[in-house]
Amino acid sequence: MTEIVEHQGDNGPETAALVAGGVVNVADFPKPGIQFKDLTPLFADGETFHAVIDSIVEHYTDADGTLAFDTVVGVEARGFVIAAAVAYAARVGVVAVRKAGKLPRVAHSAAYDLEYGQAVLEVSEGAFVAGQRVLVVDDVLATGGTAEATLDLVERAGGVVVGFTVLMELAFLEGRKRLPGRSVHALWTV
Ligand SMILES: O=P(O)(O)OC[C@H]1O[C@H](OP(=O)(O)OP(=O)(O)O)[C@H](O)[C@@H]1O
Ligand SMILES: Nc1ncnc2[nH]cnc12
């Protein structure tokens, strides 16, 4: 069995503890051998969800209140929950990067592997103004396939990725190795 080593995460031990308290481990989902991290309890707890979203916005806000991003991207489906809340709290817009076949006006597609399968992600025509600063958010960083594909799509669509944030990073799957030179931010790392 993999030994789980807990680290505090980039926003400090209090935020890491909040995230940790909202995650349930489910063995053998969606396939045998996968330890699935279910963050739906975190989303369902209003105070925790609020604190976690505020913590992300604060991380990208400097001392005089200036935001480091112009828009937020969420990755289907769990990333949508986080992205919409971050965008609302920061008073910016939100862009959905979707699984194949869901968008009516596809500009770019990217096929990728994730921990338990393969998929294709797509971004809409006109999703970004050229040079727009983009924060990409998701719930989990595992192997990094989803993140690598999403960041590539954002850049092909004209956005400038200023950061990638997740609530939980499974460091033993080494997702950061797929994201060299990227600013990766995890609230809780195991
Ligand atoms: O780092 P990786 O190995 O690529 O895995 C991380 C991705 O896997 C999950 O999404 P999933 O595709 O299961 O979609 P869902 O949100 O629709 O459940 C998760 O929300 C991340 O997007
Ligand atoms: N183990 C895991 N738990 C939850 N989401 C995931 N996405 C990829 N791997 C995952």
Side-chain angles (χ1 to χ4, degrees), residues 1-60 69 72-90 94 96-97 99 112-117 119 121 134-151 154 161-180 182-190:
M1 196 171 140
T2 311
E3 188 191 349
I4 304 292
V5 182
E6 297 204 10
H7 306 279
Q8 66 172 32
D10 298 341
N11 277 35
E14 287 176 15
T15 309
L18 271 183
V19 176
V23 178
V24 173
N25 190 74
V26 182
D28 299 320
F29 180 87
K31 291 180 176 174
I34 302 294
Q35 297 290 325
F36 188 83
K37 309 303 178 188
D38 180 10
L39 278 80
T40 55
L42 186 158
F43 297 150
D45 182 304
E47 289 302 321
T48 303
F49 186 53
H50 195 270
V52 163
I53 296 300
D54 280 352
S55 160
I56 294 172
V57 176
E58 279 164 23
H59 185 81
Y60 291 98
F69 56 88
V72 183
V73 161
V75 189
E76 187 165 357
R78 291 174 255 155
F80 292 171
V81 177
I82 305 160
V86 168
Y88 183 81
V94 61
V97 165
K99 303 270 171 67
Y112 65 100
D113 295 324
L114 72 158
E115 190 188 4
Y116 37 67
L121 286 172
V134 180
L135 174 65
V136 179
V137 302
D138 208 347
D139 63 335
V140 172
L141 172 61
T143 64
T146 306
E148 184 182 29
T150 303
L151 273 45
V154 169
V161 176
V162 295
F164 173 64
T165 288
V166 289
L167 305 191
M168 180 174 192
E169 175 184 8
L170 308 181
F172 54 92
L173 293 172
E174 301 188 324
R176 287 187 193 234
K177 285 191 176 167
R178 309 257 315 244
L179 306 169
R182 301 295 195 177
S183 170
V184 179
H185 167 233
L187 272 55
W188 182 39
T189 301
V190 297

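Heavy-atom basis, side chains included; hydrogens, waters and symmetry copies ignored.
- Residues passing the side chain to side chain contact (heavy atoms under 4.5 Å, CB included) test with D113, sequence neighbours excluded: Q118.
- Using a 4.5 Å heavy-atom threshold, the side chains of V154 and F164 count as separate.
- Considering CD1 of I56 and CG of L135, their distance stands at 7.5 Å, rounded to 0.5 Å.
- Legend: residues meeting side chain to side chain contact (heavy atoms under 4.5 Å, CB included) with P30, ordered by chain and number and at least two apart, are I34, F36, Y116.
- Contacts of E115 classified as salt bridge (charged side-chain N to carboxylate O under 4.0 Å, His left out), with partners at least two apart in sequence or in another chain: none.
- Heavy atoms only, all atoms of each residue included: T189 and A186 are closest at OG1-CB, 3.6 Å.
- Within the model, atoms CG of L187 and CE of M168 stand 11.5 Å from one another, a figure rounded to the nearest 0.5 Å.
- Here salt bridge (charged side-chain N to carboxylate O under 4.0 Å, His left out) pairs that include residues 14-32, with residues two or more places apart or in two chains, number zero.
- Contacts classified as salt bridge (charged side-chain N to carboxylate O under 4.0 Å, His left out) and involving residues 72-82 (residues at least two apart or in different chains) are given here: E76-R98, R78-D139.
- Judged purely by atom type and a 3.5 angstrom limit, R176 uses its side chain to pair as donor or acceptor with the backbone of V184.
- Nearest heavy atoms, A147 versus L141: CB-CD1, 4.3 Å.
- Rounding to the nearest 0.5 Å places CD1 of I82 at 4.0 Å from CG of L167.
- For the side chain to side chain contact (heavy atoms under 4.5 Å, CB included) test, residues two or more places apart in sequence or in another chain that qualify with A87 are V72, V92, V94.
- When all heavy atoms of I53 and A89 are compared, the pair lying nearest together is CG2-CB, 4.2 Å.
- Smallest separation of non-hydrogen atoms from G145 and R178: CA-NH2, 3.5 Å.
- Between V190 and E169, every side-chain heavy-atom pair lies at or beyond the 4.5 Å cut-off.
- Applying the salt bridge (charged side-chain N to carboxylate O under 4.0 Å, His left out) criterion to E174, with sequence neighbours excluded, gives K177.
- Y112 meets the side chain to side chain donor-acceptor pair (under 3.5 Å) test with no other residue; sequence neighbours excluded.
- Put simply, CH2 on W188 and CG on L170 are 9.0 Å apart, with the number rounded to the nearest 0.5 Å.
- Taking OG1 from T165 and NE2 from H185, the interatomic distance works out to 5.0 Å, rounded to the nearest 0.5 Å.
- For V81, the side chain to side chain contact (heavy atoms under 4.5 Å, CB included) test picks out F43, F49, with sequence neighbours left out.
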Contacts under 3.5 angstrom, residues 16-26 side chains, donor-acceptor by atom type, not counting sequence neighbours:
{"from": "N25", "atom 1": "OD1", "to": "K37", "atom 2": "NZ", "distance (Å)": "2.5"}
{"from": "N25", "atom 1": "ND2", "to": "Q35", "atom 2": "OE1", "distance (Å)": "2.6"}

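- The nearest pair of heavy atoms linking V57 to A90 is CG1-CB, 4.3 Å.
- Contacts of T40 classified as side chain to side chain donor-acceptor pair (under 3.5 Å), with partners at least two apart in sequence or in another chain: D38.
- The minimum heavy-atom distance between G163 and Y60, with the atom names listed, is CA-OH, 4.1 Å.
- Residues that satisfy the side chain to side chain donor-acceptor pair (under 3.5 Å) test with H50, not counting sequence neighbours, are D54.
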